[in-house]
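Notes for the one structure printed next.
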Amino acid sequence: MGSHIAPLASKLKHLSLSTSHYISLLESYTNVRSLPLSKKKNVRSLPKIKQLHAQIITTGIFPLSSPKLVTLFSNLASSYALCGHVAYARKLFDELRQPKLFLYNAIIRMHSQSGSPFEVLKLFVDMLSSGYLLPDRFTYPFVIKACGDLSLLKSGVILHGKVVTGGFSSNVFVLNSILAMYMSCGAVEMVKRAFYVSGGRDMVSWATMISGFVKNGCPNDALLIFDEMIDSGAQLNRSAVLSVLSACGDLKDLSFGIKVHGIVVEKGLKDDICICNALINMYARCGRMDEAKQVFNKIKERDVVTWTTLMQGYISNGNAKYALEFCWLMHLEGVVPNSVTVATLLQASGSLQAVKQGRCLHACVVRQNLLRDAIIETALIDMYAKCNHIRDCFLVFTQSSQKRVASWNAMISAYTHNGLASDAIDCFKQMLHEAVGPDAITISGLLCAYADLVNGRQSFSVHGCLIKSGFLSDIEVVRGLIDIYSKCGKLEYSQKLFNEVSLLCRDITLWSALIGGYGAHGHGETAVLLFKRMVQSGAKPNEITFTCVLDACSHAGLVDEGLELFKLMVTTCQANPSMYHYTCMVDLLGRAGRLQEAYELIKTMPFTPNHAVWGSLMGACAVHQNVELGEIAAKILVNIEPENTSNYVLLANIYASAGRWEDAENLRLMIDNVGSGKKPGHSFIEAKVT
DNA sequence: ACGGAGCGGA
């Protein structure tokens with residue numbers, strides 16, 4: 001027996017009580033109720049059980065001769081199991097020849113709670129093959145959960161069948177474990193069937209469904225079933241609310257979020273700090289920092305999560321400066337930052353390129369000895385990378401005691417971010433050399449580096465490695481590879497990879513990578529065709545997709561297609577065209593010589609056009625010799641960027657090509673006044689000669 | 001005698 005028992009046992013021996021006394025004492029314990037166990041496995045009960053165990057040993061009444069003693073040891077084992085004392089429970093259990101069902105269940109539950117799903121399944125198989133026991137409604141939930149933990153969908157389905165034939169499917173505990181198992185295996189369709197077939201559901205069933213949908217990337221289903229839950233009059237459940245709010249954030253569905261907020265207030269859950277934090281997060285992800293701040297202000301006792309969530313919200317909404325200011329307010333309120341907070345602040349420093357601030361935080365990290373924390377280390381590397389201090393990235397990386405996958409990943413993307421693609425690749429090779437196994441994030445980081453290199457031959461060898469390693473099952477990795485092939489112009493390979501991805505997984509970014517590839521290599525028609533097919537398939541194009549396809553139209557001179565798509569973007573898709581989209585359109589119209597249309601489009605822009613938009617128009621004016629619009633564009637451009645001499649040159653070209661030599665000559669003088677003027681003079685002369 | 005599910009911030 002263990003070290004706890006030995007001294008205790010020797011003490012007891014000195015008490016010199018008779019064996020018969022012990023036996024009578026122990027017999028009273030063959031009724032499990034009289035065992036000193038506590039249901040809430042608190043520490044108090046464990047010493048008592050150990051003490052009793054020691055007493056039993058000192059009596060020397062081995063081996064297990066009488067049925068009463070068998071019961072006694074079974075009770076003892078289940079008490080250990082209930083306290084979560086795996087070693088003793090298992091030892092006693094293994095010594096018993098034919099454990100009763102209740103002991104099996106207790107041991108299975110213990111392994112389930114201690115996170116050993118494999119052990120659970122092994123015991124279940126033992127139990128079945130022993131032939132004298134049949135699992136009951138208490139056995140199934142743990143075994144089914146184990147299948148979920150191990151993603152053993154096939155076994156899960158078999159167990160589901162056994163549950164049905166055994167007549168346990170009406171038990172809500174068993175049902176809920178089946179729902180959770182299917183969710184863990186990602187079998188969304190099967191879980192829907194199981195849920196709608198079942199009769200007796202409870203709050204847990206609803207919550208399991210909602211959170212499962214969110215985890216499986218089906219936030220839409222989560223919202224639908226939340227509505228259903230409300231309609232069915234089921235009692236509102238805290239975790240259902242938390243999950244549905246995260247679904248609203250995923251979808252940026254503000255109106256649903258507001259509805260849930262209303263329900264929260266109505267049901268009196270608005271003082272729950274967790275729900276408030278989730279509300280702040282939801283509003284922040286929907287881009288509504290004002291509303292997020294309102295929820296924040298109403299909270300009486302804000303915790304560290306509240307503050308961190310708010311900071312995170314400001315960062316993701318492009319206001320990283322606020323995040324840093326809130327740090328001081330948090331400090332004043334006496335809330336102590338944790339490592340997540342510090343990582344968030346580092347992120348803010350990085351996006352502001354505030355390397356001084358970042359160094360201060362780095363110093364705090366060192367003082368508080370937080371460097372061992374994985375998220376802190378990667379956040380530091382990330383921060384220095386964004387500030388273009390690659391040397392500091394490397395220092396943090398080398399000084400960290402344990403080089404984890406995440407650290408390597410951060411280092412690889414740090415190199416790529418700083419335009420050092422081949423260093424990123426060397427870093428990856430070093431990682432393999434040090435026997436650190438890459439994960440999907442490593443690979444997609446690596447693929448970004450290869451995409452920068454634009455090297456066709458290397459792409460093939462990378463592709464080969466990925467096939468061998470099995471990483472191609474990860475959608476991110478496939479996306480990276482499609483991106484590489486698209487950039488290299490090996491479009492048939494992009495297409496082939498794309499075709500192999502199942503319809504369900506073809507998300508918008510995947511389409512964008514493919515469409516962008518065709519567009520960039522002069523296959524405008526194909527890009528537009530693919531875009532249409534994408535819309536038909538039900539994928540919702542975003543700003544990036546439109547950028548790709550408009551770019552493609554612009555390169556291939558597909559004016560009408562471009563206009564049509566632009567209209568689609570504003571009307572059907574309700575996307576807000578960005579500066580770049582307008583630049584594309586002006587470029588497109590301009591190239592085709594439809595200068596007046598381009599000018600009209602600029603006038604309708606909802607924000608002030610920048611140099612790129614006007615520059616695009618002016619370039620087109622030069623090509624098509626339109627002096628009138630060229631002058632308009634030039635005037636504005638000169639205001640926006642007076643020091644850029646190429647604008648004057650371009651205008652001079654326009655004048656010269658229209659035969660207005662005097663104006664051209666005047667401009668030449670102006671260019672000389674502006675400054676450097678080496679190139680401008682040259683092209684001016686060129687324009688005049690021809 | 002014994003039991004299920006879910007839970008905010010990186």
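The structure displayed is predicted, hence computed values, not measured ones. The chains referred to below are lettered A, B, ... by the order of the sequence lines, with proteins before strands, and numbering in each begins at 1.
For the salt bridge (charged side-chain N to carboxylate O under 4.0 Å, His left out) condition, the pairs that include at least one residue of residues 325-350 of chain A, sequence neighbours left out, are A:Arg302-A:Glu333. Identified under the side chain to side chain donor-acceptor pair (under 3.5 Å) test for residues 279-292 of chain A, with sequence neighbours left out: A:Asp250-A:Arg285, A:His261-A:Tyr283, A:Arg288-A:Glu291.
Contact annotation: A:Arg238 side-chain N/O to B:dC7 OP1/OP2 distance is not under 4.0 Å. Taking only side-chain nitrogens and oxygens, A:Gln347 never comes nearer than 4.0 Å to OP1 or OP2 of B:dG9. Look at A:Asn281 and you won't find any side-chain N or O under 4.0 angstrom from OP1 or OP2 of B:dG8.
The six-membered or imidazole ring of A:Phe226 lies away from that of A:Trp206, with a centre-to-centre distance of 6.0 Å or more. Ring-centre distance between A:His362 and A:Tyr384: below the 6.0 Å cut-off.
The side chain of A:Thr309 lies closest to B:dG9, out of B:dA5, B:dG9, B:dG8. The side chain of A:Ile273 lies closest to B:dG8, out of B:dG9, B:dG8, B:dA5. Minimum atom distance to the side chain of A:Phe173 is reached by B:dG3, of the listed B:dC7, B:dG3, B:dG9. For A:Phe102, whose side chain is taken as the heavy atoms from C-beta onward, the closest listed nucleotide among B:dA1, B:dC7, B:dA10 is B:dA1. Distance from the side chain of A:Cys274 is smallest for B:dG8 among the nucleotides B:dG8, B:dG9, B:dC2. When distances are taken from the side chain of A:Asn176 to each of B:dG9, B:dG4, B:dG8, the shortest belongs to B:dG4. Out of B:dC2, B:dG9, B:dG4, the shortest distance to the side chain of A:Asn105 is found at B:dC2.
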Output a table of donor-acceptor pairs, distance under 3.5 Å, between side-chain atoms of residues 120-135 of chain A and any protein atom two or more places apart or on a different chain; print 'none' if there are none.
residue	atom	partner	partner atom	Å
A:Ser129	OG	A:Val125	O	2.9
A:Ser129	OG	A:Asp126	O	3.1
A:Ser130	OG	A:Met127	O	2.7
A:Tyr132	OH	A:Pro99	O	2.6

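Applying a 4.0 Å cut-off to non-hydrogen atoms, the residues of residues 118-146 of chain A that approach DNA chain B are A:Arg137, A:Phe138, A:Pro141, A:Phe142, A:Lys145, listed by residue number. Across residues 316-331 of chain A, not one residue has a non-hydrogen atom less than 4.0 Å from an atom of DNA chain B.
For the pair A:Asn317 (side chain) and A:Gly313 (backbone), a donor-acceptor distance under 3.5 Å is present.
The pair A:Glu119-A:Arg90 counts as a salt bridge, with a side-chain nitrogen and a carboxylate oxygen less than 4.0 angstrom apart.
Of the N and O atoms on the side chains of A:Asp253 and A:Ser255, at least one donor lies less than 3.5 Å from an acceptor on the other residue.
DNA chain B contains no stems of three or more consecutive Watson-Crick or G-U pairs with both distances under 3.5 Å.
Rounded to whole Å, atom P of B:dG6 lies 17 Å from atom CH2 of A:Trp206.
Other residues, nucleotides and ligands place no more than 12 heavy atoms under 6.0 Å from the NZ atom of A:Lys162.
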Problem set entry | CA sep, side-chain torsions, deciding dist, call: A:Asp202, A:Asn176, side chain to side chain donor-acceptor pair (under 3.5 Å) | CA-CA 9 Å; A:Asp202 63 359; A:Asn176 289 339; 3.2 Å; yes
